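Everything numeric here is computed off the predicted structure, so don't read it as measured data. Numbering of ligands and ligand atoms starts at 1, following listing order.
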Amino acid sequence: MKECKHVAIIMDGNGRWAKAQGKPRTAGHLVGSDNVRTIAIAASEMGIKYLTLYAFSTENWKRSKDEVSYIMKLPAIFFKKYMQEFLDRGYRMNIIGELDVLPKSTQKVLYDAMEESKNNTGLNLNICMNYGSQREILLAARKYAEDVKNGIADLNLDEAGFEKYLMTKDFPPVDLLIRTSGEERISNYLLWQIAYAELEFVPESWPEFTPAVLQRCLEEYSHRDRRFGGVTNE
Ligand code: FPP
């Protein structure tokens, strides 16, 4: 099968899924966070090395106070349940985003997860918290400008050089971007990193996104003709 190293997922539809079950939106987020474990294991078994998940965007602060505060508590619930298993499986946790504005207790859980797993070489499970791609690119540009000002960088920056300023500097480009729940938007996610990614929009909500659906996505991906701007060689 065509190599697919890096899969990114916009985990959408938790709220609608919960509402359809007569439950509060937060119940959808809890089931959604349990599904992160299920899909991480499946992805790793399917040979994916990098799984990057959109958990909370820079725009998600607009949600109700109760919902935001619940999502901020989820990492603690999630890692308490699953961190040991992730360590046993050799997964490395990376959190992407501006973490310094998150509640202190949330920051601690996230930094601990990164620290405890930093020497692991299995699946890179990347969770985006308070992440927005335009902001990421803006911050990178500011850092670069500062380096130029301080004489650390010159003006001959190329794409590979600019990538070193992004929050995803340690990861390869995204091969496949999946969005659940039928919406067909990118929503300020990994705009630089998906330059040549294949895109798939699936009708299932995130709580309904099973390993079989992931398998279906990878099968679809394997039929795509990735030319990266060149001509087909098939
Ligand atoms: C999108 O569904 C989901 C979110 C904004 C939150 C996603 C969070 C998780 C799946 C859990 C995160 C996991 C960890 C480990 C922190 P939505 O609420 O936008 O759904 P809707 O479009 O139906 O309203």
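Looking at Asp88 and Gln84, their side chains do bring a donor and an acceptor atom within 3.5 Å of each other. With no hydrogens or angles considered, a side-chain donor-acceptor pair links Glu208 and Ser205 at under 3.5 Å.
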Once you restrict both partners to nitrogen or oxygen, which atoms of ligand 1 have a protein partner under 3.5 Å, and how far apart are they?
unit_1, atom_1, unit_2, atom_2, d
ligand 1, 2 (O), Gly13, N, 3.3
ligand 1, 2 (O), Asn14, N, 3.3
ligand 1, 18 (O), Arg25, NH2, 2.9
ligand 1, 18 (O), Arg63, NH1, 2.8
ligand 1, 19 (O), Asp12, OD1, 3.3
ligand 1, 19 (O), Arg63, NH2, 2.8
ligand 1, 20 (O), Gly13, N, 3.2
ligand 1, 20 (O), Asn14, N, 3.2
ligand 1, 20 (O), Gly15, N, 3.1
ligand 1, 22 (O), Asp12, OD1, 3.0
ligand 1, 22 (O), Arg16, NE, 3.3
ligand 1, 22 (O), Arg16, NH2, 2.9
ligand 1, 23 (O), Gly15, N, 3.4
ligand 1, 23 (O), Arg16, N, 2.7
ligand 1, 23 (O), Arg16, NE, 2.8
ligand 1, 24 (O), Arg25, NH1, 2.9
ligand 1, 24 (O), Arg25, NH2, 3.0

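At a threshold of 4.5 Å between non-hydrogen side-chain atoms, the residues Tyr165 and Lys169 do not count as touching.
Sorted by first and then second residue, the ring-ring contact (aromatic ring centres under 6.0 Å, His included) pairs involving residues 91-111 (not counting sequence neighbours) are Phe86-Tyr91. Here salt bridge (Lys or Arg N to Asp or Glu O under 4.0 Å) pairs that include residues 178-205, with residues two or more places apart or in two chains, are Asp12-Arg179, Arg16-Glu183, Glu183-Arg185, Glu198-Arg224, Glu198-Arg226, Glu204-Arg216.
Every residue meeting the ring pair (Phe, Tyr, Trp, His ring centres under 6.0 Å) condition with Tyr82, not counting sequence neighbours, appears here in chain and number order: Phe78.
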